[in-house]
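None of the values given here were measured: they were computed from a predicted structure. In this chain, residues are counted from 1 in sequence order.
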Amino acid sequence: MSLLAVGTVAFDALETPFGKTDKIIGGSATFITLAASYFTKKINLVAVVGDDFRKEDIRMMEEHGINTRGLQIKEGQKSFFWSGRYHNDMNSRDTLVTELNVLADFDPVIPEEYQNCEYLMLGNLTPSVQKTVIERLRKRPKLIMMDTMNFWMNVALTELLEVLTMVDVLSVNDEEARQLSGEYSIRKAAKKILTMGPKVLIIKKGEHGAYLFRDNLVFFAPALPLEEVFDPTGAGDTFAGGFIGYLASTRDISFENMKRGIIYGSAMASFCVEKFGTERLVHLSKPELESRVQEFVDLVQFEISMV
Ligand code: AMP
């Protein structure tokens, strides 16, 4: 079923203990749509770039079945630019530069053919734009998921809290969950955030896995211990794209199916970090994905009898 994804399509410049990149393709919507493309081919993108954005990168997205009709290209303007440096643990990073450029006055236009989407993924983006997208859909999607980050909590908290009341699923990392709730305990933070609007909360913990909370239910998926971790950029968005792409392809939003979605999202994220930027996500095969999911199953499956 059709998935509408909104977010940033950007240039990133990255520094990790393993090397540096010049401006490469990044952005929340880029990782989300690429990850989701391994599950469903009805993906519609709404985003904005400047005329500095490379045509071959847009073509690459189209080759993955991503409909880019809703990608606005602003003549004479520059694309969103983000630069980050990872610490040695690869789990924490400093943002060096955030240049909003075209994002500063982004007016998200929803092409007519995108109306009636069943799944909406609001990737990390200006909260007021996330809200406008929901308002511009004539029919409320079956599931609205949203991702955000500390940057928006710092500069646009009021708008962010408003969008929260309009969505079904929120995904944030553990530090963001703490900042949003004012609670240190992840369990208490989840309880509080679930009173702010979303019915489902995903808390990502980087190389330590991810939690799924719904009512009083909680599920945990580990992250795979990988031999090669080059660049964690986009892992959270890739996770979200895999999760919602899987839900959209199975058309099942039960808690049990969301658990499977968490595993698929984690598997996609594990590929993302193995190379810089989108490199690993661009050429992935179904058998590779299936065997990675099996590794997750093997990692946590055990038999036990109570003594
Ligand atoms: P993640 O590693 O999952 O947090 O995602 C990193 C991606 O988010 C990068 O490709 C950036 O281009 C993009 N990004 C960084 N800061 C922002 C922001 N403030 N709003 C939207 N996207 C951002």
Hey, quick one: are V102 and V109 part of the same hydrophobic cluster, counting side-chain heavy atoms closer than 4.5 Å, chains of contacts allowed?
no

K74 side chain reached by V48 side chain, heavy atoms, under 4.5 Å:
yes

D22 atom CG, neighbour heavy-atom count above 12 within 6.0 Å:
no

Rounded to the nearest 0.5 Å, what separation is found between the CG atom of L137 and the CG atom of L4?
6.0 Å

Quick check for you: to the nearest 0.5 Å, what is the distance between L160 atom CG and M149 atom CE?
12.0 Å

Treating S79 as the side-chain partner and G50 as the backbone partner, does any N or O pair qualify as donor plus acceptor under 3.5 Å?
yes

Rounded distance [0.5 Å steps], CG in L212 versus CE in M258:
7.0 Å

Could you tell me whether the side chain of T16 and the main chain of F18 form a donor-acceptor pair under 3.5 Å?
yes

Ignoring hydrogens and geometry beyond distance, is a side-chain donor-acceptor pair present between D231 and T233 at under 3.5 Å?
yes

Taking the side chain from N173 and the backbone from E176, do they hold a donor-acceptor pair closer than 3.5 Å?
yes

Exercise: do T126 and W152 side chains pair donor with acceptor under 3.5 Å:
no

Closest non-hydrogen contact found for A177 with A189 is O-CB, 4.0 Å

Checking the side chain of E288 only, and the main-chain atoms of S285 only, is there a donor and an acceptor separated by less than 3.5 Å?
yes

Would you say D52 and F11 make side-chain contact, with heavy atoms under 4.5 Å?
yes

Begin with the C-alpha distance, continue with both residues' side-chain angles, and end with the deciding distance and a verdict on side chain to side chain contact (heavy atoms under 4.5 Å, CB included) for L170 and M196.
CA-CA 10 Å; L170 172 71; M196 296 176 170; over 6 Å; no

Looking at F276, does the NZ or CZ of K23 lie under 6.0 angstrom from its six-membered ring centre and within 45 degrees of the ring axis?
no

Steps toward side chain to side chain contact (heavy atoms under 4.5 Å, CB included) verdict (L180, L161)
CA-CA 9 Å; L180 188 60; L161 291 175; 4.2 Å; yes

Quick one, R69 and E112 - any side-chain contact, counting heavy atoms below 4.5 Å?
no

Which pairs, with at least one residue in residues 55-66 and sequence neighbours excluded, count as a salt bridge (Lys or Arg N to Asp or Glu O under 4.0 Å)?
R54-D57

Could you check whether S249 and T40, counting side-chain N and O atoms only, form a donor-acceptor pair closer than 3.5 Å?
no

Crowding at CG, N88 (>12 non-hydrogen neighbours, <6.0 Å)
no

So, S37 side chain and G65 main chain: donor-acceptor pair closer than 3.5 Å or not?
no

Could you tell me which non-hydrogen atom of A10 sits nearest to which non-hydrogen atom of T30, and how far apart they are?
N-OG1, 4.4 Å

Once side-chain hydrogen bond (donor to acceptor under 3.5 Å, both in side chains) is applied, what residue pairs with a partner in residues 182-193 remain, sequence neighbours excluded?
none

Exercise: identify the closest heavy-atom pair between A47 and G7
CB-O, 3.4 Å

So, T132 versus E135: side-chain donor-acceptor pair below 3.5 Å or not?
no

A quick test of your reading: do over 12 heavy atoms of other residues, nucleotides or ligands sit less than 6.0 Å from NZ of K142?
yes

Would you check if K275 and F230 make a side-chain contact, meaning some heavy-atom pair closer than 4.5 Å?
no

Look at the side chain of D89 and the backbone N and O of S92, then say whether any donor-acceptor pair between them is shorter than 3.5 Å.
yes

Show every side-chain hydrogen bond (donor to acceptor under 3.5 Å, both in side chains) that has at least one partner inside residues 205-227, sequence neighbours left out.
D174-K205

Do Y86 and D94 get their side chains close enough for a donor-acceptor pair, meaning under 3.5 Å?
no

Any side-chain heavy atom of L143 within less than 4.5 Å of one from I244?
yes

Filter on salt bridge (Lys or Arg N to Asp or Glu O under 4.0 Å), then keep only pairs touching residues 147-173, sequence neighbours left out; what's left?
K131-E162, R140-D168, D147-K204, D168-K199

Going from CG on L71 to CG on N44, what distance comes out if it is rounded to the nearest 0.5 angstrom?
12.0 Å

Quick test of your reading of the model: are D107 and R136 salt-bridged, counting only N-O distances below 4.0 Å?
yes

Is a donor on one side and an acceptor on the other found under 3.5 Å between the side chain of Q130 and the backbone of G123?
yes

Let me check something: do V172 and V218 share a hydrophobic cluster, defined by ILVMFWY side-chain heavy atoms less than 4.5 Å apart, either directly or through other members?
yes

With a 4.5 Å limit on heavy-atom distance, are the side chains of V129 and L122 in contact?
no

Do H64 side-chain atoms and M60 backbone N/O form a donor-acceptor pair below 3.5 Å?
yes

Under 3.5 Å, is there a donor-acceptor pair between the N154 and Q179 side chains?
yes

Taking the hydrophobic residues Ile, Leu, Val, Met, Phe, Trp and Tyr, and joining any pair whose side-chain heavy atoms are under 4.5 Å apart, which ones share a cluster with F302?
I304

Taking the six-membered ring where the residue is Trp, are the ring centres of F239 and F31 under 6.0 Å apart?
no

Hey, could you give me the CE/CD1 distance between M61 and I43, rounded to the nearest 0.5 Å?
9.5 Å

Is any side-chain heavy atom of F81 less than 4.5 Å from a side-chain heavy atom of S83?
yes

For the pair L224 and F296, evaluate side chain to side chain contact (heavy atoms under 4.5 Å, CB included) and give the outcome as yes or no after the intermediate values.
CA-CA 7 Å; L224 214 55; F296 273 87; 3.9 Å; yes

For A36 and G245, work out which heavy atoms get closest and say how close.
CB-CA, 4.1 Å

Intermediate values then yes/no, salt bridge (charged side-chain N to carboxylate O under 4.0 Å, His left out), E15 and R93
CA-CA 9 Å; E15 282 181 43; R93 70 183 177 203; over 6 Å; no

Do Y38 side-chain atoms and L281 backbone N/O form a donor-acceptor pair below 3.5 Å?
yes

So do the side chains of P198 and L164 get within less than 4.5 Å of each other, counting heavy atoms only?
yes

Kindly give the heavy-atom pair with the smallest separation between P222 and V300, and that separation in Å.
CG-CG1, 3.4 Å

Does CZ in R85 sit with more than 12 non-hydrogen atoms of other residues, nucleotides or ligands closer than 6.0 Å?
no

Could you tell me which non-hydrogen atom of A223 sits nearest to which non-hydrogen atom of L299, and how far apart they are?
O-CD2, 4.1 Å

Quick check for you: to the nearest 0.5 Å, what is the distance between D237 atom CG and N124 atom CG?
6.5 Å

Tell me the side-chain hydrogen bond (donor to acceptor under 3.5 Å, both in side chains) pairs involving residues 264-273, sequence neighbours left out?
S270-R292

Could you check Y119 against L247 for side chain to side chain contact (heavy atoms under 4.5 Å, CB included), going step by step and ending with a plain yes or no?
CA-CA 9 Å; Y119 294 82; L247 294 189; 4.3 Å; yes

Distance-only side-chain donor-acceptor flag, Y114 / S2, under 3.5 Å
no

